[in-house]
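Report on one structure; see the data block that follows.
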Amino acid sequence: MESVYIFDFICLTSAFLPFFSQVSILLAIELIWNLCEVLFIDAAPAGSLLLHLLDWVRLHKADVDEKAKDVLQSDSPAEHHNYWDVVVSYVLQGRLEEARQMLVKQATLQPASRNMYKLMDSLLSKMPFYNPGGTQTLTEFDVKWRNWHEEVDRYLKDNTFASNRHLELICKILVGDEDTLLEQKELLSTWYHFLVTRLLYSHPTVKPTDLHYYAQSCLTMFLDSRSVQEPLDSILLAAFEFDIYLVIKDCSIVLNNWWFVAHLTDLLDHCKLLQSHNLNFGSNMREFLLLEYASGLFTHHSLWQCAVDYFDHCPELGRACLELQIERVPLDTERKALKVLRICEERQMSEQVRSICKIMAMRALRNNRLGSALSWSIRAKDAAFATLISERFLQDYCAKGTFSDLDLIDNLGPAMLLSDRLTFLGKYREFHKLYGEKRFKEAAKLLLSLMTAKIAPRSFWMTLLTDALPLLEQKEVIFSADQTYELMYCLEELTSSLDTEEDVEQTKVELLRLSLARNLAMAIVKEGTVET
Amino acid sequence: MESAKYVSQKISKTRWRPVSYSSLQQPDIFVTGSWDNEENKVSVWSIGNLGSSGLEDGFEGDPQLICEQKHDGDVLDLQTMSICKHWARAHRYPSDNAPSTGVACNSPEIVTVGEDGRIIVFRADQEGVVRVIENADSSTLHAVTYLRTTEVLTVNSIGQLKLWDLRQQSNSPSQILSLSRDRVPLYCVDRHPNQQHIVATGGQDGMLCVWDVRQGNMPFSLMEAHSAEMWEVHFHPTNPDHLFTCSEDGSLLHWETSSPSEMPSFLQGGRNSNMTSRSAMAPAGGNQSIISAWLHGDSSKSRLETTHMLPSQTLSVNSLDVLGQCLVCGTDGEAIFVNRQVPV
């Protein structure tokens, strides 16, 4: 799932950044996320815990490196006004190697204090750091660390660094003096940096369960009467207390989108850290948050495609939500409709397929794009709509006397079988073609079968019979006697159901009867004649 | 090796800027069009010069944006020409504008087709429309390509290829080809660069069809390519034994037939010919026809190699373009992939 997160983060930054224009929100999110990773997912035990927390602080305090770069690029780094700030910041972050390298520069400038610098250098180099992969146990490390701590304390009490206030400061930090640390508020800038530094230099073997005591006290100490506890601080505090639910709840309230809580909860759920919380509508919290997030995505003009994946991963209500949402995606172009349809078809959402195809088909029909309309109804296997389209064609024919869109009707292929009306249309056109090619016998047979096989709608029979007239009037007999009987039968069937008031129809009917009778006569004679 | 660049816009079309054939330069500038945004853009990108080729794998240079231009509506097709012009509202319905779905250029002529079933011809040096073929199709025309300088080929939603002779004044196609089975909508078409009667199409069912336009109604070969709609198909312009297709299913395939260029292969009639082995049959003279490797049908599937070009499934790959050894493609995952070492 990680790739999905990264992708969404980027999507989201692109989508929402212009609107919120607060990079600080993103930084805050990253801060909380990394802390949750350290505390909940890595779940580091005592010893490694501090190391992870150090990494976390270093990751989120990039200005030290910038300052250092400035100092190092200057002509005389040791005399730069930020020099000591950089050194102290390195020490506060436990980056002792880099602090030592910086101090060397100062040492060369002050040969008189060479011994002091050498001593400081050795103290810094001897500080023990816990090695999780090593053979040393935590207790052994603790012993070593206490020894080192005592040594530093001794030097401090001996006033070894008293002549150099900077080195004295560093020594006090190394010994973990709270007041000194608090004086470095500006360099620390946040209470959690203060927390980690304090732990580094006074309780490096802190246990996860004890973390929140220190966190609370550090927060209180760091905030003076002027500054107030911010929402971010409460969230971090909740994390230090290992109260997952409080973290999620506070984040939901504070952050103005669901991205963070949805993904965090999902991740925690995958790590099996959440016990399922049955909410009112019976699904668990992870699913609830993911659904909220995905529904929000769906309203975005282009991120709706991402949202589909989220719904897929919500086993209880995901499908139902997707079914509701997917129909609301605006279908401006055919290409978009095709993509939406593909999503529905892959998930066997046949209802939605049908409804989307119907929308597109109706639109096409309104714009007189009969071929498009037909292609949409084929995709939806919508026989009713195909019938509607065929009716339109037939109406056009009756009105104009010719077929429009011959390229479509002539090339229906197997699609013809989708609806009876469509089949009729195809066959009727075939009849016209046969007639045009002067293949009268075949045309006649086809025409008759259209009626007898009940492919033609009753309303069209009059037209068909009228089409039969020129065939009946040919010099050569085309319809056989049997066929003529069938035609007569059809005519009678038609007239018995027709309104007898219509005079126009009556004339036509009379004409037909006459032609049929004449044809019958000729056919009987022809069939009765023996060729000699 | 691909490098992906995420560009915060879904890419609907991408095209290389052509380089002159005389220079052996690889292309370095491409254009993309976006879709589904509130404000869509046509953007021009550069992948920098490749002179410094000591570095690994062609990773140097993410595409850099050179300039971009707003565009109303989704960008549905792109072609590169040296002149810039804008014709508004060319495609329309009685009551509304209709999306124009495809454009083909044969400088200075430009042909466009749209959802309104019209074919419209423009000239780059004229203001208005040169010619409109009304009601060219009762369904949507999805793509158009030039077959010869005076002939274009269109594909539509009911699985038909139609040939249009632009010298004729009539509004009907000179030829119609279609599959005899289901009328699957066709979305893309491309002509073989050297042999103008060979055309490849792709459509809703993801099948790649190769047609011989001279030989009537049936496609010459049908190959299962993708599991979803095929959006674009391209013959490689200078090495046409290579073909590229991309699809809604998130894959981009590189098709390679065994090249007959060293050893011309002879079609022995019909679709089930047995191909002679490569060591036999020297060319016997000028009157033998060299048939393209594409028109061999299923029996020689073993001579057709297909490779996936993208490392993993992404969202739909909407568009691709290939020139020289460089391939660029754009996806619905808001990413552009550039590969500068396509094995052709």
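Quick note on labels: first sequence line is chain A, next is B, and so on, each numbered from 1.
- A:D420 CG: 12 or fewer foreign heavy atoms inside a 6.0 Å radius.
- In this structure, a donor-acceptor pair under 3.5 Å is present between the side chains of A:S372 and B:T140.
- When heavy atoms are compared at a cutoff of 4.5 Å, B:D137 approaches chain A by way of both its backbone and its side chain.
- Around atom CD of B:E39, no more than 12 heavy atoms belonging to other residues, nucleotides or ligands sit under 6.0 Å away.
- In this structure the side chain of A:K336 reaches within 4.5 angstrom of the side chain of B:W35, judged on heavy atoms.
- Salt bridge status for B:D116 with A:R369: absent, with no side-chain N to carboxylate O gap under 4.0 Å.
- Looking at every heavy atom in both residues, A:Q305 comes nearest to B:D332 through NE2-OD2, 2.9 Å.
- Atom OG of B:S139 and atom CH2 of A:W376 lie 11.0 Å apart (nearest 0.5 Å).
- A distance-only check finds a donor-acceptor pair linking the side chain of B:K10 to the backbone of A:S302 [under 3.5 Å].
- Rounding to the nearest 0.5 angstrom, the gap separating the CD1 atom in A:I343 from the CD atom in B:E248 is 7.0 Å.
- Salt bridge B:E229/A:R379: present, at least one basic N to carboxylate O contact under 4.0 Å.
- For A:L338, the parts sitting under 4.5 Å from any heavy atom of chain B are the backbone and the side chain alike.
- Using a 4.5 Å cut-off between heavy atoms, A:W304 touches chain B through its side chain atoms alone.
- From A:R335, atom CZ reaches atom OG1 of B:T101 across 8.0 Å, with rounding to the nearest 0.5 Å.
- Dense packing is recorded around CD of A:E346, with more than 12 heavy atoms of other residues, nucleotides or ligands lying under 6.0 Å away.
- Between A:S375 and B:I158, the closest heavy-atom pair is CB-CG2, 3.9 Å.
- B:Q204 touches chain A through backbone and side chain together, each having a heavy atom under 4.5 Å away.
- Taking every heavy atom of both residues into account, A:L303 and B:E334 meet most closely at CD2-OE2, 4.2 Å.
- Between B:D249 and A:R342 no salt bridge is recorded (no basic side-chain N to carboxylate O distance below 4.0 Å).
- Contact of the A:K339 side chain with the B:W231 side chain is registered, since non-hydrogen atoms from C-beta on lie closer than 4.5 Å.
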